[in-house]
Amino acid sequence: MRLAIFGSTGMGGGAAVAKALDRGLEVTVLARSEASAAKAPPGVRVVRGDALDPVAIAEALDGVDAVIQYLGVGGLGDGRPNDLVPSATRLIVEEMRARGIERIVCASNMGLPDSGAFVFRRVLVPLFARRLPPILDAKVEMEAVLAASGLRWTAVRLPALKRGPDRRTLKTDATGRATGYSIAVGDAADFMLDIIQTPAYVGSAVGISN
Ligand SMILES: NC(=O)c1ccc[n+]([C@@H]2O[C@H](COP(=O)([O-])OP(=O)(O)OC[C@H]3O[C@@H](n4cnc5c(N)ncnc54)[C@H](OP(=O)(O)O)[C@@H]3O)[C@@H](O)[C@H]2O)c1
């Protein structure tokens, strides 16, 4: 399988690239700077450009079978609205449709209005993660773009990603309410790569955790 991974230098996207290469998949990444391009592991096809540039997206999607979208605004961002993720997703979806590429798996977040444990939504976010709401709002918009796309999409609602070894345990829940507060970054990548080649969770959002 030939895979395009957007957000490949981030914590989540970097793990997805490494795991995809381990599985023998062909990987293309989009890098918006020399520094980002230099981080691509050997064997990865690097396209230089921005995720808001349709021409760069078209080049990144040339010849690929499926897409992982792991873009982010850098940690919790600055607390202000930022439409990078939904806008880039809209462009990616349009280009996928034009090319007949059907499968896309996107990083979303635990804590969207109808997901996440009660304590997470009503206690942790308001008290300890006040910069998170604009990120959640952007993911609500992203999931709406996916739902209207006609593609075979899945939004993976992630809790906090943890560095370190894979834990190889997995809880999944369609509502995200029965999942925990973190997941090893490698386990999240494995989940995305497992489902991208199957009909599992097509046309839906799913919460995951260790
Ligand atoms: N980290 C977590 O604990 C966590 C938990 C739940 C959900 N998530 C979600 O997972 C996603 C990724 O998070 P993360 O922490 O792994 O990543 P991150 O640190 O936010 O990295 C973002 C990635 O997107 C790329 N990017 C940003 N703007 C771009 C643009 N205009 N054009 C091209 N590339 C661009 C960055 O590339 P550069 O190298 O060029 O900056 C980087 O590779 C986010 O949507 C986040 O909300 C993360």
Side-chain angles (χ1 to χ4, degrees), residues 4-20 27-41 44 46-61 67-92 95 104-112 115-117 120-121 124-125 128-129 131-143 145-146 154-164 176 179-189 191-192 205-210:
I5 301 179
F6 294 88
S8 62
T9 56
M11 184 180 179
V17 170
K19 291 274 189 179
V27 176
T28 296
V29 301
L30 182 70
R32 62 176 163 161
S33 67
E34 277 301 333
S36 300
K39 291 180 188 163
V44 168
V46 180
V47 171
R48 281 291 312 276
D50 196 281
L52 296 175
D53 175 2
V55 176
I57 288 174
E59 194 182 341
L61 294 184
V67 174
I68 289 181
Q69 189 279 89
Y70 228 134
L71 291 163
V73 294
L76 290 179
D78 60 9
R80 284 181 287 190
N82 187 315
D83 69 354
L84 165 79
V85 169
S87 296
T89 304
R90 199 170 282 116
L91 294 174
I92 292 167
E95 193 58 37
I104 180 168
V105 174
C106 292
S108 189
N109 293 66
M110 173 201 265
L112 262 63
S115 78
F120 178 83
R121 290 180 290 127
L124 294 181
V125 172
F128 301 109
R131 283 186 292 151
L132 195 54
I135 290 175
L136 301 183
D137 290 345
K139 296 304 189 331
V140 170
E141 204 181 328
M142 176 196 82
E143 290 193 6
V145 169
L146 292 172
T154 304
V156 180
R157 291 176 174 171
L158 299 162
L161 298 173
K162 295 288 181 197
R163 295 189 193 279
T179 48
Y181 298 107
S182 68
I183 187 162
V185 67
D187 292 333
F191 178 78
M192 291 181 170
V206 57
I208 65 171
S209 74
N210 286 127

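All heavy atoms count here, side chains included; hydrogens, waters and symmetry mates do not. For ligands, and for the atoms within them, numbers begin at 1 and follow the listed sequence. Predicted model only: the values in this text are computed from it and were never measured. Count residues from 1 along the sequence.
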Nearest heavy-atom approach of L161 to A188 is CD2-CB, 4.0 Å
Check V85 against Q69 and note the closest heavy-atom contact, atom names and distance. CG1-NE2, 3.8 Å
side-chain hydrogen bond (donor to acceptor under 3.5 Å, both in side chains): pairs with one or both residues in residues 50-60, sequence neighbours excluded: none
Quick one, list the residues around ligand 1 where some non-hydrogen atom comes in under 4.0 Å, by chain and residue number. G7, S8, T9, G10, M11, G12, R32, S36, D50, A51, Y70, L71, G72, V73, G74, G75, L84, A107, S108, N109, I135, K139, L158, P159, A160, L161
Residues forming a salt bridge (charged side-chain N to carboxylate O under 4.0 Å, His left out) with K19, sequence neighbours excluded: D166, D190
When you compare the side chain of R90 with that of E141, does any pair of heavy atoms fall below 4.5 Å? yes
I'd like to check the side-chain contact (heavy atoms from CB on, under 4.5 Å) partners of P54; sequence neighbours left out, ordered by chain and number. L91
